[in-house]
Q: 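I have a structure I would like to understand better, so I am pasting it below and will then ask my questions one at a time.
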Amino acid sequence: MSDLEAPLRPKRKKIWVDYFVNFRWIIVIFVVLPISFTLYFLTYLGDVRSEWKSYKTRQKEHDENVKKVIKRLKQRNPSKDGLVCTARKPWIAVGMRNVDYKRARHFEVDLSAFRNVLEIDKERMIARCEPLVNMGQITRVTVPMNLALAVVAELDDLTVGGLINGYGIEGSSHKYGLFSDTVVAYEIILADGSLVRATRDNEYSDLFHAIPWSQGTLGLLVAAEIKLIPIKEYMKLTYEPVVGNLKELAQGYIDSFAPRDGDQDNDEKVPDFVETMIYNPTEAVCMTGRYASKEEAKKKGNKINSVGWWFKPWFYQHAQTALKKGKFVEYIPTREYYHRHTRCLYWEGKLILPFGDQCWFRFLFGWLMPPKVSLLKATQGEAIRNYYHEMHVIQDMLVPLYKVGDALEWVHREMEVYPIWLCPHKLFKLPVKSMIYPEPGFELQRRQGDTQTAQMYTDVGVYYAPGPVLRGEVFDGAEAVRKLESWMIENHGFQPQYAVSELSEKNFWRMFDASLYEQSRKKYGAVGTFMSVYYKSKKGRKTEKEVQEAEQAHLETAYAEVDQPVD
């Protein structure tokens, strides 16, 4: 058996959940989609109502809501009440992991009113947003001004707060870094009820660098100032097919945006947007985009493709046509390009609605898409949720750019999941060591894509049913995720915490650095008030006793065991 050949597996005996999952589309069509559409419409009306208000009115409401949160925090009795968490229902989160920490006794704080764009400052090129502002909302406000956040995550429902406290990436991250790297200031309510503004160079600079990836365990985010960039009306998108083995596909992806002469910060050589989709072990399509004016897009001979219409082919399938017809170029309205993966949830829509990509469905019912992830979670039940954990993969592997080929071979060998999404991002060298950090000495290696200030990483997005599951073979999803996590630890990779994790606490702090995070928790009083990031992210139910014991342990020791072997 070659290194890339997947192991032979025995056939798996079907159980009742298999049949229920196969026909789940009935519930999706008749329940989830209509409710999703209604909720999307009501949310849209709420956003429009917010936009009608003056910035002064929005700020006044914001200040009043902040006072309510502070008052609520000060009502908490540490000896009687549980740890603080938001009042949001567990199933509402977009992430795939179970929000089981809310099953333990906890003290709820309602942040549901924090969903306004507070200010668009064209002079400072800053958008000041509350944490529940989502990507669809912010692009509706900024794109007509020919402005956008430097990093706009693709799915409409992703929120500012989730992308900051968790993880956010987009095709522009090879220039600007992750979503949190574009934040200029955080407004945080600390455990004692004090409101602070943290920037990279003020007295709260340590808190500023500790917040990303902390999952809201240092304080309650109530606003953020985020970098804006000038944009144009269209995205000129080039689709280029690549054929070869996985290492050759990886190199084609790298060459699509990283000049071999190392001139990575040269805008003339580096496109504005980058992504690649690996469709099978021998075929991929690399997409590179540059902003273009409407005058350029409408020139004779240029093709404009409004991919946002409900009846249009799903984007990943449209891109796949480059494998047959070869390299081509088209112009996509910028906002439609930003949200190109929303309607089909990348390619997860194919599993949810097997016929959802068919012409008849797109024309008749495509306007109902997509189903809200939160509603899909709310209607799946315990048995189906456990089934998906075992028989389905939704993971992102953040790995150094030069190891992308190795990561692709690993995924093929252990999971056989296709398509695979590749999206590069800078991982900056900071004055302090945050939870995620580049490889020590990377700047001395002068590898393709790296600069003196940032190492180039790639998100290897693995989303779909593994090959063995599709063939009806035995597949141990939990064991596959454990192997994936071990591989990432060994290769200086990182696992976004929205995903289901099998990490032990020791291995969690081998993957991430605990030093700044733990110092900030103690300094700003988060210990004993907010759950630690590991216990908030770990798989399984959290009892109050387990959480409190873990919190006590945090007072006594740190968990950064960097030099220990993987279990």
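In what follows, every heavy atom counts, from backbone to side chain, and hydrogens, waters and symmetry copies are set aside.
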Q: Determine, for Lys247 against Asp406, whether the closest basic-nitrogen to carboxylate-oxygen distance falls under 4.0 angstrom.
A: yes

Q: Closest approach of Gln75 and Asp81, non-hydrogen atoms and distance?
A: O-OD2, 4.2 Å

Q: Going by an N to O cut-off under 4.0 Å, is there a salt bridge joining Asp181 and Lys426?
A: no

Q: Any side-chain heavy-atom pair from Ile352 and Leu376 closer than 4.5 angstrom?
A: yes

Q: Does the side chain of Thr217 come under 3.5 Å of the side chain of Tyr535 through a donor N or O and an acceptor N or O?
A: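 No.
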
Q: Looking only at atom types and distance, does a side-chain atom of Tyr517 sit under 3.5 Å from a main-chain N or O of Trp213, one as donor and one as acceptor?
A: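 Such a contact is absent between Tyr517 side chain and Trp213 backbone.
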
Q: A side-chain contact here means heavy atoms from C-beta on lying under 4.5 Å apart; do Phe530 and Arg521 qualify?
A: yes

Q: On a heavy-atom basis, which atom in Leu163 and which in Gly168 lie closest, and how many Å separate them?
A: CD2-CA, 3.5 Å

Q: Using distance alone, with no hydrogens and no angle criterion, decide if Glu390 and Asn386 have a side-chain donor and acceptor under 3.5 Å apart.
A: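 On atom types as modelled, these side chains do not qualify, holding no pair under 3.5 Å.
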
Q: Would you check if there is a donor-acceptor pair between the side chains of Glu348 and His392 at a distance under 3.5 Å?
A: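 Per modelled atom types, His392 and Glu348 side chains form a pair under 3.5 Å.
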
Q: Which of parallel (below 30°), tilted (30 to 60°) and perpendicular (above 60°) describes Tyr437 and Phe494?
A: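 Judged by the thresholds at 30° and 60°, the geometry between Tyr437 and Phe494 is perpendicular.
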
Q: How close do Leu408 and Ala250 get, heavy atom to heavy atom, and via which atoms?
A: CD1-CB, 4.1 Å

Q: Would you say Gln445 and Asp450 make side-chain contact, with heavy atoms under 4.5 Å?
A: no

Q: With ring centroids as reference points, do Tyr418 and Tyr464 lie under 6.0 angstrom apart?
A: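 No: the rings miss the under 6.0 Å criterion.
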
Q: Decide whether Glu485 and Gln395 meet the rule of one side-chain donor and one side-chain acceptor closer than 3.5 Å.
A: no

Q: Inspect the contact between Glu170 and Arg340 and indicate whether a charged nitrogen and a carboxylate oxygen are less than 4.0 angstrom apart.
A: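 Answer for the salt bridge query: yes.
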
Q: What is the minimum heavy-atom distance between Gln264 and Thr451, and which atoms define it?
A: CB-CG2, 3.7 Å

Q: Looking at Lys68 and Asp110, is any side-chain nitrogen of the basic one under 4.0 Å from a carboxylate oxygen of the acidic one?
A: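 So Asp110 does not pair with Lys68 through a salt bridge.
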
Q: Test Tyr253 against Thr458 for side chain to side chain contact (heavy atoms under 4.5 Å, CB included), laying out the working first.
A: CA-CA 10 Å; Tyr253 154 72; Thr458 282; 2.6 Å; yes

Q: Please give me the minimum heavy-atom distance between Thr142 and Ala148, naming the atom from each residue.
A: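 Shortest heavy-atom contact: OG1-CA, 3.8 Å.
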
Q: Are Val399 and Asn491 packed together at the side-chain level, in the sense that at least one heavy-atom pair is separated by less than 4.5 angstrom?
A: no

Q: Going by distance alone, is a donor N or O of one side chain under 3.5 Å from an acceptor N or O of the other, for Glu275 and His341?
A: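 Result is yes, a qualifying pair exists.
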
Q: Any side-chain heavy atom of Val160 sitting closer than 4.5 Å to one from Met135?
A: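 The answer is yes; the side chains approach within 4.5 Å.
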
Q: I'd like to check Gln215 versus Tyr498 (side-chain heavy atoms, cut-off strictly below 4.5 Å). Are they in contact?
A: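 They are not in side-chain contact.
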
Q: Is the shortest heavy-atom distance from the side chain of Thr276 to the side chain of Leu249 under 4.5 Å?
A: no

Q: Hey, are Glu64 and Lys67 close enough for a salt bridge, meaning a charged N less than 4.0 Å from a carboxylate O?
A: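 Salt bridge absent between Glu64 and Lys67.
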
Q: Checking Gln448 against Asp255 for the side-chain hydrogen bond (donor to acceptor under 3.5 Å, both in side chains) test, could you report, in this order, the C-alpha distance in whole Å, the side-chain angles of both residues, the deciding distance, and whether it holds?
A: CA-CA 9 Å; Gln448 191 175 356; Asp255 288 339; 2.9 Å; yes

Q: Parallel under 30°, tilted from 30 to 60°, perpendicular over 60°: which one fits the rings of His425 and Tyr457?
A: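 If you compare the ring of His425 with that of Tyr457, the planes turn out tilted.
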
Q: Quick one: are the ring centres of Phe273 and His174 less than 6.0 Å apart?
A: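 No; His174 has its ring centre 6.0 Å or more from that of Phe273.
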
Q: Ala127 and Leu149: which non-hydrogen atoms are nearest, and at how many Å?
A: CB-CD2, 4.0 Å

Q: As a quick check of understanding, evaluate side chain to side chain contact (heavy atoms under 4.5 Å, CB included) for Gln497 and Phe512, giving each step before the final call.
A: CA-CA 11 Å; Gln497 297 142 336; Phe512 302 100; 4.0 Å; yes

Q: Between the side chains of Glu502 and Asn507, does any donor sit under 3.5 Å from an acceptor?
A: no

Q: Does the plane of the ring in Tyr346 sit parallel, tilted or perpendicular to the ring in Tyr463? Use 30° and 60° as the thresholds.
A: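 The arrangement is tilted - the two ring planes meet at 30° to 60°.
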
Q: Looking at side-chain heavy atoms only, is the closest gap between Arg447 and Leu401 below 4.5 Å?
A: no

